[in-house]
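Beneath this line is the structure, given in structure tokens, with notes to follow.
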Amino acid sequence: MDNLIKKAKELLENNLVQVVIGYEKGNTQKSRPVFIFKAENADKLIYDESCHYNLASYITRQEMRHTGKMAVVANIHALKAMLVLANEHQFIEGNVIALAVDGSSDVTELKTFSEIEEYIASHPVELKEKEKVLLEKIKALSKEERWEFWQNELARCFKCYACRAACPMCYCHQCTVDCNKPQWITVAPHQLGNYEWQMMRAMHLAGRCVDCGACAEACPLDIPINMLTYYLSESIESNFGFKTGTSATKLYVLSDYKLEDKENFIR
Amino acid sequence: MKLLKKEALPKLFEKINSADKVIYAPVENHGQLVYRRVSAYDEVKKDYIQTVQSAKYVVFPKIEKLLDYQNSKDGTSLSEAVIDELPEIVLFGVRPCDAAGFDVLKAVFTWDFNDKFYIERAKKLTIIGLSCSKCDNECFCTSVGLNPGSTKGSDILLTKNNEGDYLAEIVTDKGQAMVSLCTDLFSDHKDDNKENYLTKVPVKFEKDAAIEKSTKSFENEQIWFDQAMRCLGCGACTYVCPTCSCFDIQDEGTSAKGIRYRCWDSCGLSQFTIHTSGHNPREEQSQRWRQRILHKYSYQPERLQVLGCVGCGRCSRSCPVDMNIAEHVETIAEIEL
């Protein structure tokens, strides 16, 4: 923690960044996001196992656009999200410094995309045990049982869009679900409306989701919607050999093609 | 004050259940505590602090049909949704803060316009409240003029005493009607101080100071900016809230036929106030956060003479990034003007 505070102070004092986005002690929760604009406030920063919220989601926020350069306390999922954002040209190299934290007292300052790529390559991450178990459980269900499972789960959704708000990849200024000219997706939180919303969300994240689980964690109703995107991640990796959040330059699968691809529709 | 012996509570439940009324009570569902329709007393969760969602949906569902429309060559025909065949609903074992929340909904839905959808549902609703013997850090009813044994909004309020029996306060005529279903279950009770059986909820801020200071802080942009920095701009807080009552009206169907419905909407969402022109008077999250606080702590007290917050703490428990309304209002109440 001391290293993190020291680093944050150094960056702010030397005017290398205008804000450090990190974690502070929470009230209801053990930790919560905090924005440090002045070095003297950096003592608030903490980092422990409770700090799992993906802070990369703040990089693209409208409010942050005029803030200037920022440093983000980044666990491995936030780093992966940063690479996807970099890939999608959402920030300029050097404008966002990652302060990589891995649970030890070390803080690694990562300034370039290739530094982030290298760090991720040397820090493999897997799904949490609980998530793996649930994913396997869902995969083992028959088609009919899966349908029933999701009917049960999604009937509860009330479309608060916490999943979207917490997702570092959901940065669209206007989400498809908010379009009304024409209206692609019904606003209604009835069962069909909830299916439409969650299916659309999952499809927009196919090959972009970094498996951080922020969506499910944000869901006030505990709907395990991260299972939809995790499954897509698995399918994409096995079909295309593509692991999301490992490269700042390699296009993600749904925006890329090869001439030798076997499908005809792109020719 | 009456007394309902502990063995009489299931009997009361059965009596209501067999009287052609639908009972909603706290139950466990998908690992969460929620108010759901129940048919057996055993399903009802007795020992709990708070449900994740409020009970407001019994009078204000997340989606509700308003009318059907049909277009033909003879013109357009509309038929309003039929709402007079709703069942009588009894909310069983709801917390005093939630019960008080219904008074706020009433103030909104009967203010300048009588919303018949709300009114018809509320007419058929009876609330049996249950005082709190436990609280958590998010509870702050005592800061907003309520308390763990507040009768506001309840038709009957039950308070469990040390013997496990229930002190019963019959607050309204609806409550009396409920008692008359089974008068034998209720016995007269000597004066008893129910305070002895209630949890102590610490006061976090002065209500009047919160109203005054928040009203005068509209233009204090810094405070709203500081508070809202981490707010993600979702609608979780408003949808779990027992008093948030904003809704959207939408049509669904084809040009030939379809329905018009209303569904919950949230001031936290960026599109909430966007104009047809594209201009958005609340462009930044800090402005949306200010709206949520001021609506509850300034506008509603001024216009509806009710405070729009009952201190249930649900918004704080549900927030993905630990926005804590009590903490934030406390900061506002302590501003030096």
Side-chain angles (χ1 to χ4, degrees), chain A residues 19 21 23-35 37 53-55 57-58 61-64 67 152-153 155-167 170 173-175 177-181 183 186-194 214-215 217-224, chain B residues 29-32 34 52-53 57 61-65 136-138 225-226 228-240 248-253 259 261-266 268-271 274 276 283-286 313-328:
Chain A
V19 61
I21 308 175
Y23 303 93
E24 68 173 349
K25 196 179 160 299
N27 194 324
T28 305
Q29 293 163 28
K30 286 205 177 99
S31 65
R32 64 187 184 195
V34 69
F35 297 74
F37 292 94
Y53 182 75
N54 195 332
L55 297 178
S57 67
Y58 288 110
R61 286 281 295 274
Q62 193 193 340
E63 285 80 359
M64 300 307 294
T67 308
N152 257 322
E153 291 290 348
R156 296 185 290 138
C157 173
F158 49 27
K159 285 192 174 171
C160 69
Y161 301 122
C163 45
R164 176 181 73 182
C167 176
C170 280
H173 183 60
Q174 194 181 27
C175 175
V177 80
D178 291 328
C179 291
N180 55 6
K181 289 181 287 184
Q183 191 178 68
T186 176
V187 173
H190 51 43
Q191 200 146 26
L192 178 65
N194 293 345
C215 52
E217 234 164 83
C219 178
L221 307 179
D222 287 346
I223 306 175
Chain B
N29 181 283
H30 290 267
Q32 290 193 323
V34 287
V52 176
Q53 291 188 63
Y57 75 95
K62 68 175 178 177
I63 176 162
E64 176 158 47
K65 186 169 90 170
D136 65 13
N137 288 334
E138 284 63 56
F225 179 83
D226 289 347
M229 269 312 274
R230 68 175 179 277
C231 173
L232 297 175
C234 72
C237 50
T238 52
Y239 292 175
V240 297
D248 190 7
I249 294 181
Q250 295 273 340
D251 291 346
E252 194 171 273
I259 64 159
Y261 65 89
R262 73 175 173 197
C263 62
W264 293 351
D265 203 352
S266 170
L269 301 170
S270 63
Q271 308 267 319
I274 201 157
T276 316
E283 250 182 344
E284 296 193 349
Q285 202 55 36
S286 57
R314 283 193 176 86
C315 51
S316 310
R317 293 186 202 93
S318 282
C319 179
V321 289
D322 198 32
M323 293 291 281
N324 186 296
I325 194 168
E327 181 190 342
H328 284 127

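Reminder, nothing fancy here: chain letters follow the sequence lines and each chain counts from 1. We use all heavy atoms of the structure for the numbers below, so side chains are in, but hydrogens, waters and symmetry mates are not.
- Residue B/Asn137: no heavy atom, backbone or side chain, is found under 4.5 Å from chain A.
- With a 4.5 angstrom heavy-atom cutoff, B/Ser316 touches chain A via backbone and side-chain atoms both.
- By the salt bridge (Lys or Arg N to Asp or Glu O under 4.0 Å) test, B/Glu138 pairs with no residue at all, sequence neighbours left out.
- Looking at B/Val321, both its backbone and its side chain come within 4.5 Å of chain A, counting heavy atoms on both sides.
- Ring-plane geometry between A/Phe158 and B/Tyr239 is classed as perpendicular, the angle between the planes exceeding 60 degrees on a 0 to 90 degree scale with a lower cut at 30.
- Counting heavy atoms from C-beta outward, A/Arg61 and B/Leu232 have side chains that approach closer than 4.5 Å.
- The shortest distance between side-chain heavy atoms of A/Met64 and B/Met229 falls below 4.5 Å.
- For the set A/Glu153, A/Lys181, A/Glu217, the count of heavy-atom pairs under 4.5 angstrom toward chain B peaks at A/Glu153.
- Summarising the geometry of B/Gln271 relative to A/His173, their closest heavy-atom pair is NE2-O, 4.3 Å, with the distance given to 0.1 Å.
- Going from atom CZ of A/Phe37 over to atom CG of B/Asp226 covers 8.0 Å, rounded to the nearest 0.5 Å.
- With contacts defined as side-chain heavy-atom distances shorter than 4.5 Å, the pair A/Arg164/B/Leu269 qualifies.
- Side-chain contact between A/Leu221 and B/His30 is absent, with no heavy-atom pair separated by less than 4.5 Å.
- The most heavy-atom pairs under 4.5 Å with chain A, out of B/Cys231, B/Ala228, B/Ser286, B/Ser270, come from B/Cys231.
- Panel note: side chain A/Lys159, backbone B/Gly235; no donor-acceptor pair is recorded below 3.5 Å.
- No side-chain heavy atom of A/Tyr53 sits under 4.5 Å from any side-chain heavy atom of B/Arg230.
- The ring-ring contact (aromatic ring centres under 6.0 Å, His included) test applied to B/Tyr261 returns no partner, not counting sequence neighbours.
- Under the 3.5 Å distance criterion, the side-chain polar atoms of A/Gln29 are matched with a main-chain donor or acceptor of B/Cys319.
- Under the 3.5 Å distance criterion, the side-chain polar atoms of B/Glu327 are left unmatched by any main-chain donor or acceptor of A/Asn27.
- With chain B as partner, the option from A/Ala162, A/Ala214, A/Pro189 having the largest number of non-hydrogen pairs under 4.5 angstrom is A/Pro189.
- Of the atoms belonging to B/Cys315, not a single heavy atom falls under 4.5 Å from chain A.
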